[in-house]
There are 2 protein chains.
Amino acid sequence: MTLKQEAEKGIITSEMERAASWEGVAPVYIQQGMADGSIVIPKNKNHDLKEIRAVGKGTRTKVNANIGASPYRSDVQEELDKLAVAVHRGADSVMDLSLGADQIRIREAIMEASPVMVGTVPIYQTGFEMSAASRDVAEMTIQDFLTTIERQAEQGVDFMTIHSGVTRAALNAMEKQGRHLDVTSRGGSFIISWLRKNQGQEAPLYEYYDEILDILAAFDVTISLGDGMRPGATVDASDRAQLTELIVLGELTQRAWEKGVQVIVEGPGHVPLNKVTENMTIQKSICNNAPFYILGPLVTDIASGYDHISGAIGGALAAMNGADFLCYVTPAEHLKLPSVDDVAEGVIASKIAAHAADLALGMEYALDIERTMAQARKELDWEKQISLSVNPEKARLYREESMVGDSDVCTMCGEFCAIKRLQETGNRKTG
Amino acid sequence: MTLKQEAEKGIITSEMERAASWEGVAPVYIQQGMADGSIVIPKNKNHDLKEIRAVGKGTRTKVNANIGASPYRSDVQEELDKLAVAVHRGADSVMDLSLGADQIRIREAIMEASPVMVGTVPIYQTGFEMSAASRDVAEMTIQDFLTTIERQAEQGVDFMTIHSGVTRAALNAMEKQGRHLDVTSRGGSFIISWLRKNQGQEAPLYEYYDEILDILAAFDVTISLGDGMRPGATVDASDRAQLTELIVLGELTQRAWEKGVQVIVEGPGHVPLNKVTENMTIQKSICNNAPFYILGPLVTDIASGYDHISGAIGGALAAMNGADFLCYVTPAEHLKLPSVDDVAEGVIASKIAAHAADLALGMEYALDIERTMAQARKELDWEKQISLSVNPEKARLYREESMVGDSDVCTMCGEFCAIKRLQETGNRKTG
């Protein structure tokens, strides 16, 4: 049985207990959410996972960091460094998006080293291996794909992005409407190649969805329904192609649940701020409250070099309105494969967004931190302020640059510190 | 006559024409907005201002950068470097918040060098000069303050933050309710010192508000009504002290308009994301649509070292919901006086927020940029992508680190670039 099937029978497993304990909620809350599909615990049966996390309704907003090599930059140690810094900065999961000759070795190393759940996009491996064998991904058979996911499932991958929603109907919708920027999903582009090459046939990942689910169910791999048709520009947001795919994702969510497979639904991408909330509520509605896993979203396309900020803006508003899982965006997005430093900056920006959303939702853990920080500031307790900060090392460095002798103030205001003045003038009730 | 008084008479001045031209709107739109108070053009009669900007309803969201020395770090050239980088990164105004022995010299240098409007917080000068003369700001007379604003107005300062809303009623509201973090506004803390020292008397900046307005009107200095009672912690947001002050700011707005003085109202500060929208709509309502100038707002207090990101999240949502003018927050906030690099990062983050909001509001200039960027990405036109980015230098550096030979792709996906694949498989209508 998968965890979802156990939850449906009313069984509270040790995974549910551990996830509940980390959240500070009752185990039965997690079990009931898993039974109705609004919560998942991505954990492969073959993976001895140290940090168990629930994702979904009523749980803390989670953050994923995409790491992995590319054909042009591939180094196992660099990827392990990215993993380490992502976890150090608070990522709840990593996805290994490696593409290239070293991808299997890199994934093995990441699976071995990661304390947090690991996700992949298996079609990258299929596509690369076909390319290495001088076959184009447009010639992919369902067997090529099933072989990949079975190998990755055996390896212990906890969740997999699978683009079964990229159907001929979605492609037709895009081509009829026209887009400023077509498709920027790498997995989505593979399927579109296939559809264009194989006229008159339906996409194999949709046609043989049941076969895919059977493999995932056997290992309790959570399916992360990819949104290959997500717009790649804010000016294309919420178009017919995106919504056509979303409706299919709703159907696929239900079919996965019927086979006991846990489901996360992926979402955009590039969404102007005025469309963020509607994107969240529509997904919840169409996909029966399955957890929503979003990439950013980026609220403008001018922020190359700073897309982590564009993504933090979108992610915070999205998570306040229903998104459960934020995929980070790094400063390198649209420009290059992220470095270790880019990974750190990306995780930190997403953690700020996730925390801001949880605070807005009134989650007690977030309120506690904010109250403690206010107290530390009131007491001019710099050590406590530093330790509560999202990146204590950076906060400490700035503070050290700002020491005014052994003073309790800083170079911003010095002796004119408002907090100090309020203390001195007596913070008493004067009526 | 002030610009507002001219606007009320239906006169379209050259300043209104220049501001309208920059916005791409009709001059009459600016004139009418100035007449009803929803738009300001901060420009001192004594200031030969190169870049004229309107702030308010229907205009592009503007960004301010706070610069200035402190008693512990004071260097004219460093402040001029901050000014230069702020303007280079797109700031629409700077505020010189210098405090210390060099403050007059620094302000003169900034006024001389700045192509954009300059604001100040005159009570800093009063407070510092009193302190230098061994007097506490709690002994301030209205004459001390009027002398300062007259000198600064003669110097050509375009807008001044004046904390006339910090009244005994607001202080009582704070003391009765209690706060996690009292007051963190430097100007606000000066007035509170005064109120605590001078029991039974009303704050002089409120009591002698008419005298203040007469000086401002003579030079057409825009008043920026300071929010000295703004909460300094998210857990204190939207409390009675803040709202008590806001109601006074509404009254003060009306009184300023009656004397022909242009008005901006300042707002928080530290506001959890779920309270951002209400803060914007309440201000507009209480202050009869006077332009709203907000600091951040920071949507969490855990982001020391990254408060520019916390502020960009709050600022974007705020500007989409009515804020007109964003005061940046730098990564140094809460830790030290910002460096030149911190100023740059702060402006960039706020520009992203401002642009995201203008895009969400459907402003044509913002849509144009987004459409052009989508086209540049579709064509893999890297030069155009770089030039459209908020910081072309950083975008170029990342791109150069990512060159795959003379290829048109990058190290993220290499030959597996989705955009390239879509091009190759034929972006045609297949029906």
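Numbered from 1 within each chain, the chains take letters A, B, ... in sequence-line order.
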Heavy-atom pairs under 4.5 Å with chain B - which of [options] has more of them than the others?
| options | answer |
| --- | --- |
| A:E345, A:E333, A:K351 | A:E345 |
| A:A349, A:S193, A:S310, A:S185 | A:S193 |
| A:L397, A:I302, A:V390 | A:I302 |
| A:I348, A:I386, A:V276 | A:I348 |
| A:E401, A:R179, A:H308 | A:E401 |

Where on [X] is there a heavy atom nearer than 4.5 Å to chain B: the side chain, the backbone, both, or neither?
| X | result |
| --- | --- |
| A:V235 | side chain |
| A:A233 | side chain |
| A:I192 | side chain |
| A:H334 | both |
| A:S339 | neither |
| A:L317 | both |
| A:L195 | neither |
| A:R396 | neither |
| A:H180 | both |
| A:F128 | both |
| A:P338 | side chain |
| A:E379 | neither |
| A:L388 | backbone |

What's the spacing between [X] [atom1] and [Y] [atom2] if we round to 0.5 Å?
| X | Y | atom1 | atom2 | value |
| --- | --- | --- | --- | --- |
| A:T330 | B:Y398 | OG1 | OH | 7.0 Å |
| A:K336 | B:C410 | NZ | SG | 10.5 Å |
| B:I352 | A:Y306 | CD1 | OH | 7.5 Å |
| B:Q385 | A:D301 | CD | CG | 10.0 Å |
| B:L273 | A:D358 | CG | CG | 11.0 Å |
| B:L181 | A:E370 | CG | CD | 11.5 Å |

Kindly give the heavy-atom pair with the smallest separation between [X] and [Y], and that separation in Å.
| X | Y | result |
| --- | --- | --- |
| B:A356 | A:V299 | CB-CG2, 3.6 Å |
| B:I313 | A:A353 | CD1-CA, 4.1 Å |
| A:I309 | B:A312 | CG2-CB, 3.9 Å |
| B:L422 | A:M174 | CD1-CE, 4.3 Å |
| B:R196 | A:T425 | NH1-OG1, 3.0 Å |

Is there a donor-acceptor pair under 3.5 Å between the side chain of [X] and the backbone N or O of [Y]?
| X | Y | result |
| --- | --- | --- |
| A:T300 | B:H355 | no |
| B:S389 | A:A303 | no |
| A:T411 | B:L337 | yes |

message: Pair B:T184, A:I419 - check side chain to side chain contact (heavy atoms under 4.5 Å, CB included), show working.
response: CA-CA 6 Å; B:T184 57; A:I419 293 171; 4.0 Å; yes
When only pairs under 4.5 Å are counted, which of [options] shares the most heavy-atom pairs with chain A?
| options | result |
| --- | --- |
| B:G315, B:C413, B:P71 | B:C413 |
| B:A360, B:S402, B:G305 | B:A360 |
| B:V409, B:L361, B:T372, B:D342 | B:D342 |
| B:P331, B:G187, B:A138 | B:P331 |

message: Under a 3.5 Å threshold, yes or no: a donor from one side chain and an acceptor from the other, between B:R377 and A:S304?
response: yes
task: Please determine, by modelled atom types, if A:E415 and B:Y72 share a side-chain donor-acceptor pair under 3.5 angstrom.
output: no
- request: Using a 4.5 Å cut-off on heavy atoms from C-beta on, say whether the side chain of B:L359 contacts that of A:P272.
  value: yes
field: Residue pair A:F416 / B:S189, side-chain heavy-atom distance below 4.5 Å
entry: no
- prompt: Hey, is B:R421 close enough to A:D136 for a salt bridge, meaning N to O under 4.0 Å?
  reply: yes
